[in-house]
Amino acid sequence: LLDADGRALTYADLLDAARRTAGFIAAHGIGRGDPVGVLLPNRAAWVETWAALGWLGAVTVAIHPELRGGFLRDALRLAGCRALIVDADALPAVRAVLAELDEPPLLIVEGAGSAVDPGTVAYPGRHTHAPRIAPAAVAPQDPAMILYTSGTSGQAKAVLMPHAHFYLFGLGTCVHL
């Protein structure tokens, strides 16, 4: 994987980042089956976070980084996110929406260093010193990700994707390389 900043990420790097990041997220009370919103730009940190949530057995809720207002609120509410991992640049828009939720998720901010507001957690991503944890035991039918449709014909709809989907997609990719 090659990031936009030119950084190369090997599969070994990704595995190490996933194990450490999963440990960091687990230390904040997130575990198997918990929905976690990911509102990050298209870069290596997104892939590392997705791998970490899969390792943890949590459900990745993929949220487009440009989503704002009612669309963002509805996506968070529908998925019941226990945590939201967000890029620091999107923080003002996210804060406005969190005030409208009955149970706002834990806010984990990527790219803010240690300069975060009270009630938020700075997200070190692959730089965490959290212990590497063992992978969660998941079944093929367990949910792995929630994706949203584009919403071109109305409100965006959530699509629940099980672990088996990603396994079979990876297997098919390997077979046809």
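Numbering starts at 1 and runs along the sequence shown. Values below: every heavy atom of this structure, side chains too, minus hydrogens, waters and symmetry copies.
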State the CD-CZ distance between Glu100 and Arg77, to the nearest 0.5 angstrom.
7.5 Å
Looking only at non-hydrogen atoms, find the nearest pair between Ile30 and Ala83 and report the distance.
CD1-CB, 3.8 Å
Are Val59 and Leu107 connected into the same hydrophobic cluster when the rule is that any two of I, L, V, M, F, W, Y join if their side-chain heavy atoms are below 4.5 Å apart?
yes
Give, for atom CD of Glu110 and atom CG of Leu91, the distance between the pair rounded to the nearest 0.5 Å.
12.0 Å
How far apart are the closest heavy atoms of Ala134 and Trp55, and which atoms are they?
C-NE1, 3.5 Å
Quick one, Trp50 and Val38 - any side-chain contact, counting heavy atoms below 4.5 Å?
no
Would Leu101 and Leu39 show up in the same hydrophobic cluster when neighbours are defined by side-chain heavy atoms closer than 4.5 Å?
yes
Quick one: which of Ile63, Ile108, Val61, Leu106 gives a side-chain contact (heavy atoms from CB on, under 4.5 Å) with Leu84?
Ile63
Could you see if Leu168 belongs to whatever hydrophobic cluster contains Met161? Use Ile, Leu, Val, Met, Phe, Trp, Tyr and a side-chain cutoff under 4.5 Å.
no
Inspect the surroundings of CD in Glu103 and state if more than 12 heavy atoms from other residues, nucleotides or ligands are less than 6.0 Å away.
no
Report yes or no: does Arg32 contribute a side-chain atom to a donor-acceptor pair with the main-chain N or O of Val138 at less than 3.5 Å?
no
Point-to-point distance, once rounded to the nearest 0.5 Å, from CG of Leu15 to CZ of Arg132:
9.0 Å
Inter-residue atom distance Ile85.CD1 - Leu40.CG, 0.5 Å rounding
7.0 Å
Is the backbone N or O of Ala62 less than 3.5 Å from a side-chain atom of Trp46, with the two atoms forming a donor-acceptor pair by type?
no
For Leu14 versus Glu48, what's the shortest heavy-atom pair and its separation?
CD1-CA, 3.9 Å
Would a distance-only check, ignoring hydrogens and angles, find a side-chain to backbone donor-acceptor pair under 3.5 Å from Asp142 to Ala139?
yes
Heavy atoms only: give me the nearest Cys81-Pro105 pair and the separation to one decimal.
O-CB, 3.3 Å
Pick one: which of Val36, Thr21, Asp34 meets side-chain contact (heavy atoms from CB on, under 4.5 Å) with Leu53?
Val36
What is the ring orientation for Phe24 with His28, classed by angle as parallel under 30°, tilted 30 to 60°, or perpendicular over 60°?
tilted
Should Tyr167 and Phe169 be regarded as members of a common hydrophobic cluster, given that ILVMFWY residues are connected when their side-chain heavy atoms come within less than 4.5 Å of each other, either directly or indirectly?
no
NE2 on His64 to CZ on Phe71, rounded to 0.5 Å
13.0 Å
Which pair of non-hydrogen atoms, one from Arg95 and one from Thr120, has the smallest distance, and what is that distance?
NH2-CG2, 2.8 Å
Return the minimal non-hydrogen interatomic distance between Gly29 and Arg82, and the atom names on each side.
O-NH1, 3.4 Å
CG on Leu56 to OG1 on Thr49, rounded to 0.5 Å
12.0 Å
